[in-house]
Amino acid sequence: IVWYNDSMKQTVTAQYRIYVEDNAPLIKMAEAYRDACNHVSEYVFSKGKDHIPSLRNLHDELYRYLRTEFSLKSQMAQSVMRTVLARYSTLITQIRDSEKEAERWDKRNGDGHKSKTKRPKVKAWKQIRFHNLQCDLVSDRDWSLITPCSEHDGIISVNTLDKRIRCAYT
C-alpha cells in the first residue's frame with residue numbers, strides 16, 4: 001500500500017486475512033494465474049538467457065492469449081507477465097553472482113593450494129516452474145476495501161475470474 005504524506009511517498013506492507021464461505025472462485029483464479037505463469041515462463045525460457053523479452057514485447061506476444069486461454073482479467077494478465085519477468089530477473093542476478101563468486105574462488109585457489117572450502121556451484125539457466133497457488137492482486141484494480149476494519153467487520157471486494165466477490169477481512 002502506498003501513501004503520500006505531503007511531499008513524501010511512504011510504502012507500507014499490510015496483510016489481510018479474508019473470510020469466505022466458498023473459496024472455489026479464489027482457488028480457480030489462483031490455479032489459472034499459476035498456469036498462466038507457467039505458460040509465460042516457458043515462452044521466456046525459450047528465448048534464452050541473453051534474450052529476455054521486455055514487458056512490452058511480452059504484452060504484444062501473449063496478452064490476448066492469456067486473456068482468452070486462461071480467462072484472466074486485464075490486470076491479472078499484466079501481473080502474470082510482471083511476476084514471471086521478476087523471477088527471471090532474479091535468476092539472472094543469481095547466475096551472475098554465482099559466476100563471480102566461482103571466479104574469485106578460482107583466483108584464490110589457482111596456485112595449487114588446497115582450500116578448506118569447496119568451489120561454489122554456478123547456478124544454471126533453467127526454466128522456472130510455478131507450483132504453488134498464487135495470485136498477485138493490484139490494489140484498487142483487483143481488490144479494494146469497501147468498509148474499514150474495526151475488529152472483524154471490514155469488507156473487501158476481490159476480483160475473481162467470473163465476478164467480484166465481497167468478503168469479510170481482518
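- Side-chain heavy atoms closer than 4.5 Å link hydrophobic residues (I, L, V, M, F, W, Y) into clusters, and following such links, even through other members, never connects I146 to Y19.
- Between atom NZ of residue K28 and atom CG of residue N23 there is a gap of 13.5 Å, rounded to the nearest 0.5 Å.
- At distances below 3.5 Å, at least one donor-acceptor pair connects side-chain atoms of R67 with backbone N or O atoms of L72.
- To the nearest 0.5 angstrom, S157 atom OG is 10.5 Å from D142 atom CG.
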(request) Evaluate salt bridge (charged side-chain N to carboxylate O under 4.0 Å, His left out) for E103 paired with K100, printing each intermediate quantity in order. (result) CA-CA 5 Å; E103 286 174 17; K100 287 179 184 177; over 6 Å; no
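- Residue P53 comes nearest to Y43 through the heavy atom pair CG-CE2, 4.2 Å, listed as atom of the first residue, atom of the second, then distance.
- The hydrophobic clustering, which links ILVMFWY residues whose side-chain heavy atoms are closer than 4.5 Å, places V158 and V20 together.
- With salt bridges taken as basic N to acidic carboxylate O contacts below 4.0 Å, one links R104 and E101.
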(request) List the steps and the verdict of side chain to side chain contact (heavy atoms under 4.5 Å, CB included) for N159 and W143. (result) CA-CA 6 Å; N159 212 2; W143 67 272; over 6 Å; no
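- In terms of modelled atom types and a separation under 3.5 Å, the side chain of T160 and the main chain of M29 share no donor-acceptor contact.
- Rounded to the nearest 0.5 angstrom, D35 CG and E69 CD are separated by 10.0 Å.
- Among pairs with a residue in residues 78-89, those fulfilling side chain to side chain donor-acceptor pair (under 3.5 Å) read Y33-T83, S41-Y88, H59-Q78, T83-D136, at least two apart in sequence or across chains.
- For the pair K47 and I52, the minimum side-chain heavy-atom distance is 4.5 Å or more.
- Salt bridge absent: D97 and K123 never bring a charged side-chain N and a carboxylate O closer than 4.0 Å.
- Residues L133 and I18 fall into different hydrophobic clusters, defined by Ile, Leu, Val, Met, Phe, Trp and Tyr side chains chained together at heavy-atom separations under 4.5 Å.
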(message) side chain to side chain contact (heavy atoms under 4.5 Å, CB included), that's the test. Do Y16 and T170 meet it? Break it down for me.
(response) CA-CA 6 Å; Y16 296 94; T170 56; over 6 Å; no
(message) Could you walk me through whether K49 and I95 satisfy the side chain to side chain contact (heavy atoms under 4.5 Å, CB included) test, starting with their C-alpha distance in whole Å, then the side-chain angles of each, then the deciding distance to 0.1 Å, before giving a yes or no?
(response) CA-CA 10 Å; K49 182 172 81 170; I95 290 170; 3.9 Å; yes
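- A single hydrophobic cluster is not seen to contain both L137 and I155; linkage of ILVMFWY side chains at heavy-atom distances under 4.5 Å, directly or through other members, places them apart.
- For R164, there are no salt bridge (Lys or Arg N to Asp or Glu O under 4.0 Å) partners two or more places apart in sequence or in a different chain.
- When side chains are defined from C-beta on, L145 counts as touching Y169, because their heavy atoms get closer than 4.5 Å.
- Contact record, A30 with C135: CA-CB, 4.4 Å, taken as the closest heavy-atom pair.
- Under the rule for a ring-ring contact (aromatic ring centres under 6.0 Å, His included), W105 has no partner lying at least two apart in sequence or in another chain.
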(request) Run the numbers on L66 and M76 for side chain to side chain contact (heavy atoms under 4.5 Å, CB included), then give the verdict. (result) CA-CA 9 Å; L66 294 175; M76 285 184 212; over 6 Å; no
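- Relative ring orientation between F70 and H39 is described as tilted, the plane-to-plane angle lying within the 30° to 60° band.
- Taken to the nearest 0.5 Å, the CG atom of D50 stands 8.5 Å off from the CH2 atom of W125.
- Under the 4.5 Å side-chain heavy-atom criterion for grouping Ile, Leu, Val, Met, Phe, Trp and Tyr, L55 is connected to F130 within one hydrophobic cluster.
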